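A, B, ... follow the sequence lines: proteins, then strands. Residue 1 opens every chain. Treat the numbers as computed from the prediction; the structure is a model and nothing was measured.
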2 protein chains.
Amino acid sequence: MGSAEANGARPSARRSKADVVDAALGILDRQGLPDVTMRRIAEVLGVQPSALYWHFPNKQTLLAAVSDRILAPSGLLPSDDIAPRTANIAGIASRFRDCLLAYRDAAELVSSSLALGLVTPSAQHLIADVAIRADVPAPLARVAASTITHYVLGYTFHEQQRMQADSLGALADVESLTPSGAAVGASATTDFHAGIGLIVLGMSVSVAGAQDRGTRKTRR
Amino acid sequence: MGSAEANGARPSARRSKADVVDAALGILDRQGLPDVTMRRIAEVLGVQPSALYWHFPNKQTLLAAVSDRILAPSGLLPSDDIAPRTANIAGIASRFRDCLLAYRDAAELVSSSLALGLVTPSAQHLIADVAIRADVPAPLARVAASTITHYVLGYTFHEQQRMQADSLGALADVESLTPSGAAVGASATTDFHAGIGLIVLGMSVSVAGAQDRGTRKTRR
DNA sequence: ACCTGAACACCGTTCAAGT
DNA sequence: ACCTGAACACCGTTCAAGT
């Protein structure tokens, strides 16, 4: 009963790239990132580890494909309604975080794939585009988008690490607190949005100040 | 000539925890994080890998000690001069990044040690304290400090990853650009400060707005 | 107190060879 | 086109035993 075929894998069908990503994503969510090994993926697929190297040149590239799949839902169009630009930007950041929260250890995985340049930061581009269309100067828009992206990844990475530590019951004396000082996971979302709010506010004030100094426009 | 003792390690002296951290830090800076293995550290010390487990219970704890050493210079007192609070906060963030830039792959290492809760985020506490002493409400100060910390780690992680990729000559078609759209490493520092500026500005405006709405104070 | 020696249960990757 | 089988050069960790 320990055989590979007994693990739910079809015994002798051709595997596609997508199948490999499926298998890796399943292990990631059930066992966590350290268990996403080439050998475990192969085992789930009922295949030899070396078979994976026909589909992907190496493990990093495979993990980048997994990252792309995790982030796919964030590629939704920015919904060109005329809602306030700031709400749009905060909304994109929020959807970005939701994508990461959908799978265990996803923030850590995406963070390193992105740092390695193996995945395109679509959320970052989206935020910059929205800001630019809301008349934010392009360099400022790009800095804000980059700041938000790094913040979301860092915050969610830390958040998921706490979730796992808490579920293991360990963590001992280290306080598992939310940045504002509150206690548990419900306020993690509130604190997340507060951080995003700071950055968006900083961006808004920057552009307003620049306009005042630049064009001496409507001053009531 | 491949013997352990020939590698510059004293043959038969007792090793301290600090010696182990020294060895790990040296490998980190010269070879990078993937090469910081228990076996390589032991080799540099002229010792069996199992010997390390007398000094540290496991690899994660050892790496946390390395993280502490990397961050030690950032523990400098906030220099209680009466300089504008915002300059102080940006300065702490800047010194934090300088600590990370001092060793290869340091941001990645510290990021995961910190997420695992094995290292105390001293920079974050310092920023929150400085903000609170500058009359920023405590919850806002803590959110801002957390936002800045995550931003610094994420930004520097990405920055160091680019540095290594560039030095390897690889990276191919992926553009190695700074968030604002500029080309190379000199403007990485400028862009970093711009991001910090956004967050600090957002915090300042938040507290100013709250004061206006709360106490209806001096309005000229 | 500090370390050795040997083992256990793993890794990612390569490569000739099969179908 | 897709995969096997076998090997290579590694990992972190444990544990009895030495000094």
Side-chain angles (χ1 to χ4, degrees), chain A residues 2-5 7 9-24 27-28 30-67 105 108-109 112-113 116 118 168 170, chain B residues 2-5 7 9-24 27-28 30-67 105 108-109 112-113 116 118 168 170:
Chain A
S3 90
E5 295 186 6
N7 282 350
R10 297 145 309 174
S12 60
R14 284 332 225 276
R15 281 90 190 166
S16 66
K17 257 166 131 94
D19 292 331
V20 177
V21 172
D22 278 340
I27 298 169
L28 177 72
R30 292 191 307 270
Q31 263 99 15
L33 187 56
D35 279 25
V36 181
T37 67
M38 298 302 265
R39 297 175 118 97
R40 289 277 298 112
I41 297 168
E43 189 186 342
V44 167
L45 291 171
V47 124
Q48 294 291 325
S50 50
L52 301 178
Y53 288 84
W54 191 89
H55 297 281
F56 296 94
N58 52 49
K59 190 186 179 183
Q60 283 182 347
T61 308
L62 195 163
L63 292 182
V66 176
S67 296
D105 290 348
E108 181 177 4
L109 170 59
S112 77
S113 291
L116 289 171
L118 296 173
L168 287 179
Chain B
S3 90
E5 296 187 6
N7 281 351
R10 298 146 307 173
S12 60
R14 288 323 228 276
R15 282 89 189 166
S16 66
K17 259 167 129 96
D19 292 332
V20 177
V21 172
D22 278 340
I27 298 168
L28 177 72
R30 291 192 305 271
Q31 263 98 15
L33 188 54
D35 279 24
V36 182
T37 67
M38 299 301 265
R39 297 174 117 97
R40 288 277 299 110
I41 297 168
E43 189 186 343
V44 167
L45 291 171
V47 126
Q48 296 290 325
S50 50
L52 301 178
Y53 289 84
W54 191 89
H55 297 282
F56 296 94
N58 52 50
K59 190 186 180 183
Q60 282 181 349
T61 308
L62 195 162
L63 292 182
V66 176
S67 296
D105 289 349
E108 181 176 5
L109 171 58
S112 76
S113 291
L116 289 171
L118 296 173
L168 287 179

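In this structure, the separation between CG on B:L28 and CD1 on B:I41 is 9.5 Å, given to the nearest 0.5 Å. Taken from CD in B:E108 to CD in A:E108, the straight-line distance is 8.5 Å, to the nearest 0.5 Å.
Remark: the backbone N or O of B:S16 is paired with a side-chain donor or acceptor of B:D19 at under 3.5 angstrom. Under a 3.5 Å cut-off, the side chain of A:N58 and the backbone N or O of A:T61 do form a donor-acceptor pair.
In plain terms, the two heavy atoms of B:D105 and B:L33 that are nearest each other are OD2-N, 2.8 Å. Between A:T37 and A:K59 the shortest heavy-atom distance is CA-NZ, 4.3 Å. Closest of all the heavy-atom pairs between A:S67 and A:S113 is OG-OG, 2.9 Å.
Rounded to an integer number of Å, the gap from CG of A:D19 to P of D:dC2 is 11 Å. In this structure, B:M38 atom CE and D:dG12 atom P are separated by 7 Å, rounded to whole Å. Between the CG atom of A:N58 and the C1' atom of C:dT14 there is a distance of 13 Å, rounded to whole Å. The CD atom of B:E43 sits 14 Å away from the C1' atom of D:dC11 (whole-angstrom rounding). Nucleotide C:dC11 holds its C1' atom 14 Å from the CG atom of A:L33, rounded to whole Å. Here the C1' atom of nucleotide D:dC3 and the CZ atom of A:R14 are 8 Å apart, to the nearest Å. Taking atom NZ on B:K59 and atom P on D:dC11, their separation rounds to 9 Å, with Å as the unit. As rounded to whole Å, 17 Å separates atom P of C:dA9 from atom CG of A:D35.
Contacts with DNA chain D (heavy atom under 4.0 Å) in residues 48-57 of chain A: A:Q48, A:S50, A:A51, A:W54, A:H55, listed by number.
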Bracket string, DNA chain D, 5' to 3' - pairs by Watson-Crick or G-U geometry under 3.5 Å, | interstrand: ||.|||||...|||||.||
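Between A:Q31 and A:V36 there is no side-chain heavy-atom pair separated by less than 4.5 Å.
At least one side-chain nitrogen or oxygen of A:R15 sits closer than 4.0 Å to the OP1 or OP2 atom of D:dC3. Note on B:R39: every side-chain N or O is 4.0 Å or more away from OP1 and OP2 of D:dC10.
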Donor-acceptor pairs are to be reported for all side-chain atoms of residues 44-56 of chain A against protein atoms at under 3.5 Å, with residues two or more places apart or in another chain.
from	atom 1	to	atom 2	distance (Å)
A:H55	NE2	A:R15	O	3.4

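Spacing between D:dC10 and C:dA9 at atom C1', rounded to whole Å, works out to 13 Å. Rounded to a whole angstrom, the distance from the C1' atom of D:dA16 to that of C:dC3 is 13 Å.
Distances were taken from every side-chain heavy atom of B:V47 (C-beta onward) to each of D:dA1, C:dC3, C:dT13; the shortest belongs to C:dC3.
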